[in-house]
Amino acid sequence: MARILITSALPYINGIKHLGNLVGSQLPADLYARFQRGRGNEVLFLCATDEHGTPAELAAAKAGKPVADYCAELHDIQAGIARQFGLSFDHFGRSSSPQNRDLTQHLAAKLAENGLIEEISERQVYSNADGRFLPDRYIEGTCPNCGYDKARGDQCENCTKQLDPTDLIDPRSAISGSTDLEVRETKHLYLRQSLLKDDLDQWIDSKKDWPILTTSIAKKWLHDGDGLQDRGITRDLDWGIPVKKGDEDWPGMEGKVFYVWFDAPIEYIACAKEWADAHGKPDSAWERWWRTDKGADDVKYVQFMGKDNVPFHTLSFPATILGSKEPWKMVDHLKSFNYLNYDGGQFSTSQGRGVFQDQALEILSADYWRWWLLSHVPESSDSEFTWENFQQSVNKDLADVLGNFVSRITKFCRAKFGEAVPDGGEFGPTEQAVIDDLTTRIRAYEGHMDAMEVRKSAQELRAIWVIGNEYLQSAAPWSTFKTDPEQAAAQVRLALNLIRIYAVLSAPFIPDASARMLEAMQTDDDSWPDDVAAAVTALAPGHAFTVPDVLFAKITDEQREDWQTRFSGTRD
RNA sequence: GGGCCUGUAGCUCAAUUGGUUAGAGCAGAGCGCUCAUAACGCUUUGGUUGCGGGUUCAAGUCCUGCCGGGCCUACCA
């Protein structure tokens with residue numbers, strides 16, 4: 001039995017996420033986790049909220065709440081939504097956890113011990129009115145290049161010129177609008193990842209099967225200009241993990257916190273400890289997933305994320321791990337995704353554009369979204385959500401091909417034989433052909449799922465559903481029943497068994513419907529169809545079942561138009 | 001500006017890494033079936049692979065130049 005560690009990129013805490021956030025990391029990670037569990041492998045699937053940083057502080061301030069309270073509240077909301085989407089995390093942690101604080105401080109101490117931390121004094125913009133240092137992009141002003149009056153301190157969005165905040169004419173705080181700004185001297189810790197450039201380069205080179213999107217971004221950062229740059233890993237903020245060297249104070253760093261991108265990936269590890277602690281397990285329980293000296297040697301570690309996260313996962317975090325010189329597990333496969341667009345533009349949290357996760361669940365249950373999003377996941381390039389496409393795909397695939405199959409065969413059986421798997425007759429060449437066809441496709445499905453080829457997996461699964469309808473059409477039990485009821489019984493028996501098989505195979509995509517199918521068939525047997533010939537006889541003659549309610553109601557034109565209108569504007 | 005990705009049927013995507021006649025699903029057309037959520041099955045229309053050059057026995061695939069879409073560019077995360 002293989003052991004697979006799976007992490008999804010951590011959703012940021014500052015609000016409810018839209019569908020784009022879901023499709024780019026959590027949902028495919030869940031698909032993979034469910035599949036691997038279904039195959040009988042041991043899985044630890046972790047995710048958490050990413051809670052530190054300036055945007056969290058600002059969002060809390062806007063909500064009029066202490067930042068810790070705000071984060072706790074939003075964490076619970078996000079956890080609830082994740083549960084409703086069926087995201088099967090073994091633990092959904094928090095980057096603000098004590099476990100992460102301890103580990104982050106510990107790793108910083110190790111990095112310092114190994115000569116990989118440098119203290120650098122720099123000058124940053126301080127806003128007296130806001131009482132805080134301002135990150136570059138929170139300073140607005142007039143672009144010295146093009147005259148655009150809403151240029152940000154890092155870059156002018158109008159002329160794309162990269163800027164330094166001090167370049168701006170009439171700079172002001174993007175938070176309060178205050179012009180009472182000054183440049184102050186402040187000291188920060190830098191991670192000297194440039195010293196690890198060659199190690200990282202070799203490590204990336206050894207990953208031949210990673211998506212080109214992943215490696216090309218990493219390579220760019222490694223080789224662009226002067227190569228990999230050192231990175232500041234501390235900030236002048238109140239909210240975050242206090243800068244300490246392990247348990248000890250870090251002289252000169254009082255009142256500062258670690259940079260959110262330093263502690264967020266460390267939460268992947270700390271989250272495993274949160275999981276163990278929450279279940280009263282000893283440290284060895286999580287260390288066997290993360291410490292190669294404590295049993296994690298044979299673990300396969302897979303990360304899922306959107307493309308914007310790639311540099312931190314291919315460079316910064318590995319630099320932290322390598323630099324600690326401790327035997328932490330490194331990622332084996334890094335699956336990255338492009339973006340999902342909404343009806344001709346981008347989903348945007350800040351602009352409130354698109355469909356948000358809570359709204360999505362208000363109008364339809366998780367399986368509809370899971371199926372569409374996964375079968376259209378932006379794997380090779382950005383993809384686009386449109387209501388027409390959503391309606392068409394969902395109606396055709398889920399309602400017509402799968403749902404109607406379940407409906408037609410259970411109802412036919414009930415009418416002709418009653419609500420139990422009928423006895424009599426034998427499988428012939430037609431049935432053998434179905435078994436062969438299924439075997440070929442199931443093996444292909446497994447291959448695509450193992451390779452995390454999400455779209456291809458969805459296509460293959462759909463083709464597997466189609467086999468059921470093809471079989472009924474060619475076997476035509478409604479005809480054979482008139483002349484040879486025994487033969488019809490065998491045909492129905494096979495078709496009813498397909499429902500159980502479909503439930504098992506489809507569970508990673510549509511877990512709710514899958515559970516309802518098993519429930520209707522009144523079976524707990526969710527064993528994977530390794531041997532298809534055996535699997536089509538799992539439900540034996542006499543086994544009682546019930547006709548389920550419609551698995552997937554169709555989306556009507558009226559609904560689609562209604563939603564189209566409702567979600568055409570923005571949300572505040 | 002620099003780097004990377006991308007452009008294939010009306011739509012969403014494939015194409016075993018240079019190898020027969022570029023394939024699926026949806027949408028369209030026709031036929032069949034009547035168990036079923038007016039569902040299902042079969043057949044079928046539809047392509048100058050963004051455009052122009054080049055390399056090769058052979059190019060959707062490699063090179064080059066244009067055109068379009070997108071991402072990243074290190075202090076948002």
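Note that the structure is a prediction, hence the values are computed from the model and not measured. What's counted below: heavy atoms across the whole structure, side chains too, no hydrogens, waters or symmetry copies. Numbered from 1 within each chain, the chains take letters A, B, ... in sequence-line order.
Base contact: A:G227 has a heavy atom under 4.0 Å from a base atom. Residue A:V550 is in base contact, counting any heavy-atom pair closer than 4.0 Å across all strands shown. Using a 4.0 Å heavy-atom criterion, one finds that A:F405 contacts no nucleic acid atom at all. Note on A:K411: only backbone sugar-phosphate atoms sit closer than 4.0 angstrom, heavy atoms only; bases stay farther off. Within 4.0 Å of A:L315, counting heavy atoms only, lies no atom of the nucleic acid at all. A:Q124 comes within 4.0 angstrom of a nucleotide base, judged by non-hydrogen atoms across all strands. Here A:G403 lies in heavy-atom contact (under 4.0 Å) with a base.
In this structure, the nucleotide among B:rC75, B:rC40, B:rU34 sitting nearest to the side chain of A:Y190 is B:rC75. The A:Y259 side chain lies nearest to B:rA77 when the options are B:rU34, B:rA77, B:rU37. Candidate nucleotides B:rA74, B:rA39, B:rG2 were compared by shortest atom distance to the side chain of A:D400, and B:rA39 ranks first.
In summary, of the residues considered (A:T480, A:D484, A:T430), a side chain to side chain donor-acceptor pair (under 3.5 Å) with A:Q491 occurs for A:T480 alone. Among A:Y471, A:F552, A:Y502, the one residue that satisfies the ring-ring contact (aromatic ring centres under 6.0 Å, His included) test with A:F405 is A:Y502.
Between B:rC35 and A:R408, no contact under 4.0 Å exists linking OP1 or OP2 to a side-chain N or O. Close to B:rG70, at under 4.0 Å from its OP1 or OP2, lies no side-chain N or O of A:K307.
The separation between A:I217 atom CD1 and B:rU6 atom P is 12 Å, rounded to whole Å. Atom pair A:I499:CD1 and B:rC35:C1' shows a separation of 13 Å (rounding to whole Å applied). Remark: P of B:rA74 and CZ of A:F262 are 21 Å apart, rounded to the nearest angstrom. Taking atom CG of residue A:N309 and atom C1' of nucleotide B:rC72, one finds them 13 Å apart after rounding to whole Å. One interatomic measurement links the two molecules: CD of A:E122 to P of B:rC75, which rounds to 10 Å at whole-angstrom precision. If you take CG of A:L228 and P of B:rC72, they are 19 Å apart, rounded to a whole angstrom. The separation between A:D230 atom CG and B:rA74 atom P is 15 Å, rounded to whole Å. A:W478 has its CH2 atom 11 Å from the P atom of B:rG41, to the nearest Å.
Syn is the classification of B:rU17, since its glycosidic angle stays within 90° of 0.
For the pair A:S96/A:C71, no side-chain contact is recorded, criterion being any heavy-atom separation below 4.5 Å from C-beta on. In this structure the side chain of A:F133 never reaches within 4.5 angstrom of the side chain of A:V125, judged on heavy atoms. The shortest side-chain heavy-atom distance between A:L168 and A:E140 does not fall under the 4.5 Å cut-off. The closest side-chain heavy-atom distance from A:L27 to A:L374 is below 4.5 Å.
Taking the P atoms as reference points, B:rC35 lies 32 Å from B:rU45, given to the whole Å. The separation of B:rC31 from B:rU16, taken at their P atoms, amounts to 38 Å, rounded to a whole angstrom. Separating the P atom of B:rC62 from that of B:rG18 is a span of 7 Å, rounded to the nearest Å.
Figure legend: A:R184 and A:Y126 shown as a cation-pi pair, the cationic atom lying under 6.0 angstrom from the six-membered ring centre and within 45 degrees of its axis. In this structure, A:K17 fails the cation-pi test against A:F356, since its NZ or CZ atom is not both closer than 6.0 Å to the six-membered ring centre and inside 45 degrees of the ring normal.
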Under-3.5 Å N/O pairs linking protein and nucleotides 25-32 of chain B:
unit_1: B:rG25; atom_1: O3'; unit_2: A:R462; atom_2: NH2; d: 3.4
unit_1: B:rC26; atom_1: O2'; unit_2: A:Q392; atom_2: OE1; d: 2.9
unit_1: B:rG32; atom_1: N2; unit_2: A:Q473; atom_2: NE2; d: 3.2

Might you list the N or O atoms of the protein lying below 3.5 Å from N or O atoms in nucleotides 11-14 of chain B, with each pair's distance?
unit_1: B:rC13; atom_1: OP1; unit_2: A:R455; atom_2: NH2; d: 3.3
unit_1: B:rC13; atom_1: O5'; unit_2: A:R455; atom_2: NH1; d: 3.2
unit_1: B:rA14; atom_1: OP1; unit_2: A:S380; atom_2: OG; d: 2.8

Open item on the list: If you apply the rule side-chain contact (heavy atoms from CB on, under 4.5 Å), what do you find for A:D167 with A:D164, and how did you get there?
Closed with: CA-CA 5 Å; A:D167 296 338; A:D164 189 273; 3.4 Å; yes
Next item on the list: List the steps, then state whether side-chain contact (heavy atoms from CB on, under 4.5 Å) holds for A:L373 with A:L340.
Entry: CA-CA 9 Å; A:L373 290 169; A:L340 178 69; 3.7 Å; yes
Are A:D50 and A:R94 close enough, and set up right, to give a salt bridge (Lys or Arg N to Asp or Glu O under 4.0 Å), and what steps lead you there? CA-CA 7 Å; A:D50 175 15; A:R94 304 181 60 184; over 6 Å; no
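When Watson-Crick and G-U wobble pairs are counted only if both distances are under 3.5 Å, B:rA9 pairs with no nucleotide at all.
Interface remark: the A:E470 side chain does not form any donor-acceptor pair with the B:rC40 base, using a distance-only criterion of under 3.5 Å. Side-chain atoms of A:W221 and base atoms of B:rA74 include no donor and acceptor less than 3.5 Å apart. Scanning atom types as modelled, one donor and one acceptor separated by under 3.5 angstrom connect the side chain of A:N404 and the base of B:rA36.
Once the 5.5 Å centre distance and the 30° plane angle are applied, the aromatic ring of A:F412 is found not to be stacked with the base of B:rC35.
When each of A:S474 and A:L402 is assigned the nucleotide of RNA chain B bearing its nearest heavy atom, the one mapping closer to the 5' terminus is A:L402.
With no hydrogens or angles considered, no side-chain donor-acceptor pair links A:S383 and A:H376 at under 3.5 Å.
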